[in-house]
Structures are given as structure tokens and as C-alpha cells.
Amino acid sequence: MADEIKGFIFDLDGVITDTAEYHYKSWQKLADEEDLFFNREVNEQLRGVSRMESLEIILDGKEVPEEQKKEWTDRKNSYYQDYLEEITKDDILDDMEEKLMKLKKDGYKLAVGSSSRNAKKVLKHLQITDIFDTIADGHSVENAKPAPDLFLYAAKNLGLKPEECVVLEDAESGVEAALAAKMKAVGVGPESRVGKAHLVYANVGDIDFDEILKKL
């Protein structure tokens with residue numbers, strides 16, 4: 001008999017809120033200053049990827065001293081931090097807050113599993129930190145997605161086995177991480193990006209937790 005679902009782990013960006021535009025603007029500002037090639041197509045490759053790995057994708061093999069990389073990623077983060085100040089409760093996607101509240105009321109454990117080191121700050125601005133039983137972010141583990149570490153860390157903090165958890169992700173690397181963790185994966189976005197998930201919804205508004213519980 002399959003393990004009963006007892007908890008849900010949510011990627012933050014693209015599932016609960018959408019700070020992708022802030023990331024894009026921050027990287028674009030840095031790229032313009034340092035004469036690096038960057039556009040929205042390159043930005044798409046950065047979904048669910050850590051800051052330093054994102055820079056490596058942008059550099060595309062171009063060799064840069066480590067200290068320079070560190071300064072650039074710090075500067076990008078500084079721009080991003082400034083943009084984050086603009087986030088409010090209105091930036092929660094669709095009816096996600098109501099869906100989270102219902103899951104909590106029904107007794108499910110809830111976690112955030114985000115590669116971002118700014119996850120707690122974003123949740124604070126969204127005013128939904130208290131809904132979650134634990135927050136796993138870029139500070140929690142060494143190996144970022146697609147390694148399973150972040151989700152396994154979240155499950156452990158929830159007191160659940162991996163098999164009892166469902167992960168909701170909008171990034172390919174996140175779906176791979178969930179599958180590597182032996183968790184049930186729900187993809188949010190186009191099939192081309194999250195098609196490896198057990199169940200896929202085109203956007204956040206379509207997510208149906210009754211269906212998820214029934215099918216997974």
C-alpha cells in the first residue's frame with residue numbers, strides 16, 4: 001500500500017509568489033554594468049538554480065576570477081534585496097493563501113523548500129510565514145537542487161518520511177530534486193519544463209489539492 005500523503009513542500013518562487021521579474025531585473029542590471037550577454041531566454045535557464053550557478057550560466061564558459069564572481073553575485077543580490085522591499089501580500093499568486101490555509105486546517109504539514117537565501121524575507125513580506133511548519137532555504141543545505149538535500153531536510157523537519165511528502169515545483173531542477181528524494185512531484189508550468197512530475201498544472205490557479213490527494 002502506498003504511503004499516505006501527510007505533508008506538502010512548496011517551492012516559493014513561481015508557486016506561492018513570483019519574484020522571477022525581480023531576479024531578471026537584478027541580473028540584467030549587473031549584466032549591463034559588466035557588459036555581459038543576458039536576456040529573458042538566458043533568464044529562463046536560471047529557474048531554481050543557485051546564485052553562483054546562475055552566474056556561471058550567464059558567463060557561459062567565460063573565465064572570471066573567483067573574487068570577481070563573488071562581488072558580482074553580491075551586487076546582484078543587493079539589487080534584488082532592494083526590489084524585494086516592494087513585495088506585499090498582494091503578490092501571493094492566485095488563491096494560494098486560501099489553499100494553504102485549507103491544507104493546514106485539514107491537518108497536513110506544510111513546508112517551503114526554496115533555493116533562495118531570501119525565502120524568509122519574502123515570506124515575511126507576504127505575511128504568511130506562520131502558515132508553514134518549517135522553511136528550508138538556501139542557507140539550510142550545501143547542495144542545491146537538483147540534489148534532493150533541500151527537500152529531504154524539509155521532510156525531516158516536518159517529521160515525515162520522503163514518501164509521505166508532495167513537492168510543488170515550477171522548475172525542472174526542482175522536479176528532479178523531488179524525484180531524487182523519492183517524493184511525489186507536482187509540476188507547475190509547461191510540460192516542456194516540468195513534464196517529469198507525476199502531475200502537471202499549467203499554472204498556480206489550476207492546482208487542485210483534492211485531485212492531487214486522489215491521484216497521488
Side-chain angles (χ1 to χ4, degrees), residues 3 6-17 19-20 22-24 26-27 30 42-77 80-81 84 109-123 129 132-189 193-198:
D3 283 278
K6 293 180 181 174
F8 290 87
I9 303 171
F10 296 82
D11 180 30
L12 179 58
D13 203 9
V15 177
I16 293 173
T17 188
T19 57
Y22 297 142
H23 281 295
Y24 167 72
S26 304
W27 281 122
L30 177 78
V42 176
N43 190 58
E44 272 299 300
Q45 297 173 49
L46 311 186
R47 279 181 186 271
V49 176
S50 71
R51 204 179 304 150
M52 190 56 82
E53 285 175 84
S54 293
L55 179 60
E56 295 293 357
I57 290 168
I58 294 167
L59 290 174
D60 194 25
K62 181 177 176 180
E63 292 203 13
V64 174
E66 288 304 316
E67 313 85 73
Q68 186 71 68
K69 288 183 193 172
K70 173 86 169 63
E71 193 276 318
W72 284 355
T73 53
D74 285 350
R75 201 190 320 161
K76 180 267 172 182
N77 187 47
Y80 180 63
Q81 293 285 341
L84 285 188
K109 297 274 188 76
L110 305 179
V112 166
S114 169
S115 300
S116 172
R117 290 172 180 265
N118 296 298
K120 288 178 182 173
K121 181 175 182 175
V122 173
L123 289 166
T129 307
F132 298 98
D133 298 290
T134 191
I135 296 163
D137 62 13
H139 296 286
S140 304
V141 295
E142 210 169 299
N143 299 317
K145 306 168 189 178
D149 305 29
L150 191 73
F151 294 142
L152 291 172
Y153 175 90
K156 187 180 176 189
N157 280 8
L158 290 177
L160 300 177
K161 293 188 289 186
E163 299 81 11
E164 296 172 327
C165 299
V166 175
V167 171
L168 286 92
E169 260 289 351
D170 82 316
E172 184 177 8
S173 61
V175 170
E176 287 176 7
L179 296 175
K182 302 284 188 286
M183 295 179 181
K184 299 163 182 80
V186 173
V188 184
R193 195 170 73 221
V194 294
K196 291 177 186 170
H198 297 105

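The residues of the chain are indexed from 1 along the displayed sequence.
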Please list every donor-acceptor pair under 3.5 Å in which a side-chain atom of residues 137-151 meets a protein atom from a residue at least two apart or in another chain.
residue : atom : partner : partner atom : Å
Asp137  : OD1  : His139  : N            : 2.9
Asp137  : OD1  : Ser140  : N            : 3.4
Asp137  : OD1  : Ser140  : OG           : 3.2
His139  : ND1  : Arg117  : NH1          : 3.4
His139  : NE2  : Arg117  : O            : 3.3
Ser140  : OG   : Asp137  : N            : 2.9
Ser140  : OG   : Asp137  : O            : 3.4
Asn143  : ND2  : Asp149  : OD2          : 3.1
Lys145  : NZ   : Asp11   : OD1          : 3.3
Lys145  : NZ   : Gly113  : O            : 3.1
Lys145  : NZ   : Glu169  : OE2          : 2.5

In this structure, CG of Leu30 is separated from CZ of Arg75 (nearest 0.5 Å) by 5.5 Å
Is any side-chain heavy atom of Lys109 less than 4.5 Å from a side-chain heavy atom of Lys6?
no
Does the side chain of Leu179 reach to within under 4.5 Å of the side chain of His198, using non-hydrogen atoms?
yes
Between the side chains of Arg193 and Glu44, is the shortest nitrogen-to-carboxylate-oxygen separation below 4.0 Å, so that they form an ion pair?
yes
I want to check something: taking the side chain as every heavy atom from C-beta on, are Ser114 and Asp13 in contact at a cut-off of under 4.5 Å?
no
Note: Gly14 and Asp170 closest approach over all heavy atoms is CA-OD2, 3.6 Å
Between the side chain of Glu164 and the main-chain N/O of Lys161, is any donor-acceptor distance below 3.5 Å?
yes
Over 12 foreign heavy atoms within 6.0 Å of NZ, Lys69:
yes
Between CD1 of Ile135 and NZ of Lys120, what distance do you get to the nearest 0.5 Å?
6.0 Å
Trace of the side-chain contact (heavy atoms from CB on, under 4.5 Å) decision for Leu59 with Trp72:
CA-CA 11 Å; Leu59 290 174; Trp72 284 355; 3.8 Å; yes
Note, Arg51 side chain near Asn118 side chain (heavy atom, < 4.5 Å)
yes
For the residue pair Ile9 and Ala155, what are the closest heavy atoms and their distance?
CD1-N, 4.2 Å
Is any side-chain N of the basic residue among Glu67 and Lys70 closer than 4.0 Å to the acidic one's carboxylate O?
no
In terms of heavy-atom contacts, Val188 and Val194 come closest through N-CG2, 3.8 Å
Over 60° means perpendicular and under 30° means parallel, so classify the ring planes of Phe10 and Phe132, tilted if in between.
perpendicular
Atom NZ of Lys76 and atom CD of Gln81: how far apart are they, to the nearest 0.5 Å?
9.0 Å
Any side-chain heavy-atom pair of Trp27 and Val42 under 4.5 Å:
no
Between the side chains of Tyr80 and Thr19, is a donor N or O closer than 3.5 angstrom to an acceptor N or O?
yes
Exam field: side chain Ser54 to backbone Ser50, donor-acceptor pair closer than 3.5 Å
yes
Of all residues at least two apart in sequence or in a different chain, which pass the ring-ring contact (aromatic ring centres under 6.0 Å, His included) check with Tyr24?
Phe38
What do you reckon, is NZ of Lys182 surrounded by more than 12 foreign heavy atoms closer than 6.0 Å?
no
When rounded to the nearest 0.5 Å, the distance separating OG1 of Thr134 from CG of Leu158 is 6.0 Å
Scanning both residues in full, the closest heavy-atom pair of Ala178 with Ala185 reads CB-CB, 4.0 Å
Once you round to the nearest 0.5 Å, how far does CG of Leu84 lie from NE2 of His23?
7.5 Å
Nearest 0.5 Å, what's the CG-CG distance between Leu46 and Leu55?
9.5 Å
